[in-house]
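Data first, discussion second: the structure below is written as structure tokens.
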Amino acid sequence: MRRVVVLGCGGAGKSTFSRRLGALLDLPVTHLDHVYWQPGWVPLPAGEFAARQRVLVAGERWLLDGNCGGTLEIRLAAADTVILLDPPRRVCLRRAARNVCPSSSWPGSGPSAAARGPGPFARSPSTAAAPGSTC
């Protein structure tokens, strides 16, 4: 394992797994979220994001974690190992919620949860990521 891609939905444990595997195999680890999201949560333009990945996969040894479906084929074409983390959906949701928002703002997480409503990070279908988005 010299060129490793780690995939899985948000909250699957990609970052933790990748850090541990990278240390075990002495591979440089790149979390694609750190490449894609620029300061102020501004996404990197699609062409530049793809170009950066081409540079990363040109290396002899690496571990890249992240889904970013619009550029997945760049990573898959260069990888010698692909690892898919697929824990139950409830585990992913719990982990993602814990990492994004304090538990007190999620429905069902306290005595006044019903009065609080859906919390500050609730998204309507119109604000969800568009199908085919880069990352």
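What you are looking at is a predicted structure, and each value in this text was computed from that prediction instead of being measured. We number each residue from 1, following the sequence as shown.
L76 and L56 end up in the same hydrophobic cluster when Ile, Leu, Val, Met, Phe, Trp and Tyr side chains are linked at under 4.5 Å. Under the 4.5 Å side-chain heavy-atom criterion for grouping Ile, Leu, Val, Met, Phe, Trp and Tyr, L84 is connected to V82 within one hydrophobic cluster.
Two residues are said to be in side-chain contact when any heavy atoms from C-beta on lie closer than 4.5 Å; V6 and L64 fail this criterion. Under the 4.5 Å side-chain criterion, counting only non-hydrogen atoms from C-beta, W37 is not in contact with L44. In this structure, S15 and D65 have side chains that are in contact, with non-hydrogen atoms separated by less than 4.5 Å. Taking the side chain as every heavy atom from C-beta outward, Q53 and L32 approach each other to under 4.5 Å. Within the 4.5 Å cutoff, no side-chain heavy atoms of P43 are placed close to those of F49. Within the 4.5 Å cutoff, side-chain heavy atoms of L63 are placed close to those of L21.
For the residue pair R75 and T71, a side-chain donor N or O sits within less than 3.5 Å of a side-chain acceptor on the partner.
Between the side chain of R3 and the backbone N or O of A79 there is no donor-acceptor pair closer than 3.5 Å. One N or O on the side chain of Q38 and one on the backbone of V35 form a donor-acceptor pair closer than 3.5 Å. A distance-only check finds a donor-acceptor pair linking the side chain of K14 to the backbone of G8 [under 3.5 Å].
The shortest heavy-atom contact between V5 and W62 is CG2-CZ3, 3.9 Å. Across every non-hydrogen atom of G10 and C92, the tightest pair is O-CB, 3.3 Å.
Annotation: R61, atom CZ; neighbour count of heavy atoms from other residues, nucleotides and ligands within 6.0 Å is above 12.
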Residue pair I74, V57: steps toward the side chain to side chain contact (heavy atoms under 4.5 Å, CB included) verdict: CA-CA 8 Å; I74 294 170; V57 301; 4.1 Å; yes
Checking side chain to side chain contact (heavy atoms under 4.5 Å, CB included) for the pair L27/V4: CA distance, chi angles, key distance, verdict? CA-CA 9 Å; L27 293 174; V4 181; 3.9 Å; yes
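Note that the OH atom of Y36 and the CH2 atom of W41 stand 11.5 Å from one another [nearest 0.5 Å].
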